[in-house]
Structure formats: C-alpha cells, structure tokens
Amino acid sequence: MKNLEQEMAYLKHGMRRGYDWSEYAGATLRDSSHHDFPRESYRRICGLPSKQTTCDVSVVIPTFNRSKFLHRALSSVQAQTMTPAEVLVIDDCSDEVEAMATERVVREFSDRLNLVLLKNSENRGANYSRNIGIRLAKCKYISFLDSDDFWMPEKLAEQMAILDAQKDANKATLCVTGRYRVGAESGRIIARQLVRTSFNREAIVRSNFIGTLSSVLVDASLARAVNGFDESLPACQDWEFFIRISENVNFLSVSAPLCVYVEHHENRISASNKNRLRGHLFIKRKYINILEDKTGLSEFYRNVAEELQILGRKRLAKKIYIRAITESIFPAWKRLFAEALLHAYYRWRQLPILKTVRYISYERKLERVGASVEELSQLRKDQGFIYTAFQRW
C-alpha cells in the first residue's frame with residue numbers, strides 16, 4: 001500500500017520519470033541534437049521491425065496558428081504502431097508567419113508520412129476545415145485529430161483491431177477511445193476518462209460522453225452522408241455530429257485512454273465559454289426539447305450552470321444548478337419541494353465554484369486508480385510518455 005501511495009504522490013505532483021521508448025514503435029523525437037532523426041535509424045537502434053502495417057485511415061487535422069502544437073500532433077501520428085494511409089492537414093488561413101511555420105513542419109514529416117497540406121483562402125473555422133478533410137479523404141475511415149492534441153502510439157492499431165473483430169456489414173462504424181486530459185504547460189494528467197461501451201441516440205443527446213473528436217474514427221462514407229459538421233455552430237459541433245449519426249451506427253469503443261486532450265487557458269478551437277453555452281442551448285432546442293422522456297439531464301444542466309457561472313450570470317447559474325440536482329426527483333411535487341429547499345439554502349450560502357468542484361472530482365477519480373497495481377502501472381507509463389512528448393516533440 002505504501003508503494004501505491006508513493007506512486008500516486010509522484011503522479012499528483014508531476015514528478016518526471018524516465019521512459020522506455022523502445023516500447024513505442026516509430027517515435028521520432030524532435031531533439032536539437034537529432035533534428036532530422038531518420039525513422040529507419042530509430043527502428044534499427046530500438047530493434048523495431050523495418051516495415052510497419054498501414055491502415056486504411058485518413059487522418060484529418062485542422063489547424064490555425066498552432067504550428068508549435070502541430071509538430072507534436074504529427075509526431076504522435078508518426079509514432080503510431082499502425083501507420084495511417086494518409087494525413088490531411090488543413091490550415092485555416094493562419095497568419096503569414098504561422099503559415100510558413102506550418103509549411104516547415106509539414107515538410108519535416110513529408111518523407112515519413114503520406115502527408116497533404118491544404119490551405120483555406122480565408123479563416124472559416126474548424127468545422128469548415130474538417131469538412132474539407134471529409135470531402136477529400138481517400139480512405140475508408142477518417143480519424144480526426146485537433147492540432148493541439150495528440151495520440152498514444154497504439155491508438156489506431158487498437159481501433160482497427162476492434163473494428164476488424166466486431167465489424168457489422170450492415171452498419172457504418174463509429175469507434176472511439178478513452179482519453180487523458182492534461183495541462184497545457186506541464187503535461188500532468190488531470191483526468192483519466194474512459195468511454196462507455198453502449199451507445200444510442202437518447203444517451204448521446206443527454207450527454208456528450210464521447211468527449212473530444214481526437215478520439216474518433218468513423219466511416220468516411222457515413223461522415224459524407226450526413227454532410228459532415230454543422231459549420232454554423234460555434235461549439236458542440238462534435239456532439240451534434242454524434243447525434244446525427246446515432247440512428248444506425250455500429251458503435252465500438254476502446255475504453256483505454258489512447259487520446260491526449262490538452263487543456264489550454266487560452267481559447268482553443270471551438271472552446272470559449274460563450275460559444276459552449278450557445279452550443280448547449282442549440283442542442284437543447286434542436287434535440288433535447290423533443291425527447292419524450294426528459295429525465296437523465298442532470299449533467300446537461302450542470303454543464304450549463306458552470307458556463308453561466310463563469311460568465312457571471314450567478315442567479316441564473318444557481319437556478320439551473322438546482323435544476324440539475326433535483327432533475328431526477330419524482331413525483332413532480334417532491335421535485336418542487338426540493339427546489340424550494342435548495343433555493344432557501346443557497347440564499348444564505350454561496351453556490352460552489354462548479355469548475356473547481358469538477359476538477360476535484362477528476363483528482364479523486366485519478367487517486368482511485370491507485371487501488372489497482374495494474375492500472376497504476378499503466379498510468380505511470382502513460383504519464384511518462386506524455387511528459388516526454390511535451391519535452392521533446
């Protein structure tokens with residue numbers, strides 16, 4: 001038990017560890033002393049196979065003024081134990097300096113990946129860029145990756161393995177993985193978020209439990225059939241996309257966190273608080289309001305309350321938060337009674353800072369990983385990989 005506690009303390013406080021890179025095939029590091037380190041040399045040094053399996057996947061990466069993060073994203077694609085057949089980088093009209101930097105990054109990887117750089121003539125947003133990728137992708141499957149996120153090396157291989165094992169000839173496939181949420185500055189794991197194994201329209205309408213697009217692999221034909229992403233949405237476009245494809249899809253999930261979602265203090269693609277609130281309200285108007293059974297919406301209301309609180313709409317945030325707490329209480333008179341009690345309670349006590357509460361819950365869940373030696377060992381190894389990616393990619 002003492003060893004487990006020590007391991008958790010190391011992870012919690014972000015202490016860096018050495019890492020055995022030979023376990024991860026194809027990882028070429030951006031190192032000042034080995035700036036153009038050849039992939040085959042790396043394989044030879046680490047005793048890796050000279051040839052690597054290619055999968056029928058087009059990787060679509062939208063980017064805008066993020067050349068420094070794009071290098072890390074492409075490094076993680078190159079480090080995959082199963083190489084994608086093509087990678088489409090769509091530059092959404094970055095400024096002149098960033099556009100040139102993006103070209104340099106793409107050239108650096110062009111001899112190791114089948115890589116295409118596309119440039120929008122004007123800034124149109126991430127949804128537009130992803131839709132360009134969907135239309136031009138040549139492969140059977142599309143895997144999305146935001147330019148500031150990155151993948152664990154087994155991500156594509158594990159998705160293709162489960163897809164081959166559980167393919168449904170009558171349905172298009174949506175395959176997702178779990179994810180790590182990490183801090184942008186330190187690379188320290190904030191949350192380990194596994195993904196559900198079940199999927200249906202009502203469940204995804206109530207909550208976007210899939211999370212980030214960077215974990216998603218989908219049939220290209222399906223993405224085209226629903227016309228890709230709604231370009232009018234300021235946020236939640238991934239959630240709305242999942243809802244539209246949910247009627248007749250073969251949903252597969254790899255519970256392991258094989259995607260790394262990087263949290264920034266600055267705005268990332270489609271992530272300002274106002275835009276998220278607008279996105280939530282759009283989902284409510286278009287999809288939630290027509291649900292026959294409107295129970296099970298506690299998480300939705302809680303998320304809306306958090307955004308309202310951040311935006312300074314304290315009274316409305318309190319009202320929606322109380323709705324989140326009492327939403328599942330039946331019959332109706334009991335719910336109204338509980339709401340009245342909570343309104344009276346929060347008249348004298350301040351509403352908790354909901355974002356802080358959420359992050360505390362992340363930390364507690366991460367600490368519970370220490371109950372399993374196997375899970376803790378994997379967490380330690382993955383944290384080592386993430387730290388090294390932050391330091392050297």
Side-chain angles (χ1 to χ4, degrees), residues 14 16 19 21 23-31 37 39 42 55 57-84 86-91 101-102 105-106 108-109 112-113 115 126 129-130 133 142-159 176-193 195 210-217 238 254 256-264 266 268-271 378-379 381-393:
R16 301 184 176 188
Y19 193 76
W21 278 89
E23 294 184 33
Y24 287 99
T28 301
L29 308 181
R30 183 170 69 170
D31 187 316
F37 198 55
R39 184 170 188 163
Y42 181 84
C55 54
V57 174
S58 296
V59 180
V60 173
I61 307 177
T63 186
F64 174 66
N65 289 343
R66 290 192 178 275
S67 59
K68 65 178 181 179
F69 299 126
L70 178 62
H71 191 286
R72 187 173 60 202
L74 287 174
S75 294
S76 77
V77 175
Q78 183 190 318
Q80 292 299 297
T81 56
M82 182 174 280
T83 304
E86 70 170 354
V87 182
L88 305 176
V89 176
I90 302 94
D91 186 344
T102 296
V105 171
V106 169
E108 183 179 340
F109 287 89
R112 312 166 206 171
L113 295 168
L115 207 156
S129 298
R130 292 187 185 106
I142 292 174
S143 192
F144 298 101
L145 176 59
D146 282 356
S147 56
D148 47 351
D149 296 336
F150 60 101
W151 291 337
M152 304 302 286
E154 306 92 341
K155 192 260 188 189
L156 290 180
E158 295 214 15
Q159 285 185 302
V176 303
T177 74
R179 63 192 179 278
Y180 285 117
R181 183 183 292 261
V182 305
E185 300 301 324
S186 65
R188 185 176 69 85
I189 293 174
I190 297 169
R192 175 176 175 266
Q193 298 173 305
V195 71
I210 293 174
T212 174
L213 271 172
S214 295
S215 74
V216 168
L217 184 147
D238 52 346
V254 180
L258 299 176
C259 164
V260 181
Y261 174 92
V262 182
E263 284 201 350
H264 296 276
E266 60 182 348
R268 48 182 284 142
I269 294 175
S270 72
Q378 185 64 49
L379 183 65
K381 186 172 81 167
D382 290 348
Q383 179 69 91
F385 174 84
I386 293 167
Y387 277 148
T388 310
F390 265 77
Q391 293 166 15
R392 305 188 68 184
W393 276 352

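Small disclaimer: the values here were computed from a predicted structure and weren't measured.
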> So do the side chains of Trp151 and Val59 get within less than 4.5 Å of each other, counting heavy atoms only?
Replying inline: yes

>> Show the nearest heavy-atom pair for residues Ile210 and Val176, with the distance to one decimal.
In response: CG2-CG1, 3.7 Å

> Side-chain contact, heavy-atom cut-off 4.5 Å: Trp393 with Phe69?
Replying inline: no

> Considering only heavy atoms from C-beta outward, does the side chain of Leu217 approach that of Val57 to under 4.5 Å?
Replying inline: yes

>> We want to know whether Thr81 and Glu154 form a side-chain donor-acceptor pair, criterion being a heavy-atom distance below 3.5 angstrom.
In response: no

> Do Leu74 and Ser147 have side chains that get closer than 4.5 Å, going by heavy atoms?
Replying inline: no

> Of the non-hydrogen atoms in Ser186 and Phe390, which two are nearest, and what is the gap between them?
Replying inline: C-CD2, 4.4 Å

> Got a donor-acceptor contact below 3.5 angstrom from the Asp146 side chain to the Ser214 backbone?
Replying inline: no

> In terms of side-chain geometry, is the basic nitrogen of Arg66 or Asp91 positioned less than 4.0 Å from the acidic oxygen of its partner?
Replying inline: no

> Any side-chain heavy-atom pair from Tyr261 and Asp148 closer than 4.5 angstrom?
Replying inline: no

> Are side-chain heavy atoms of Leu115 and Val89 found at a separation under 4.5 Å?
Replying inline: yes

> Can you find a heavy atom in the side chain of Thr102 that is under 4.5 Å from one in the side chain of Phe64?
Replying inline: no

> Side-chain donor-acceptor pair under 3.5 Å between Lys155 and Ser215, yes or no?
Replying inline: no

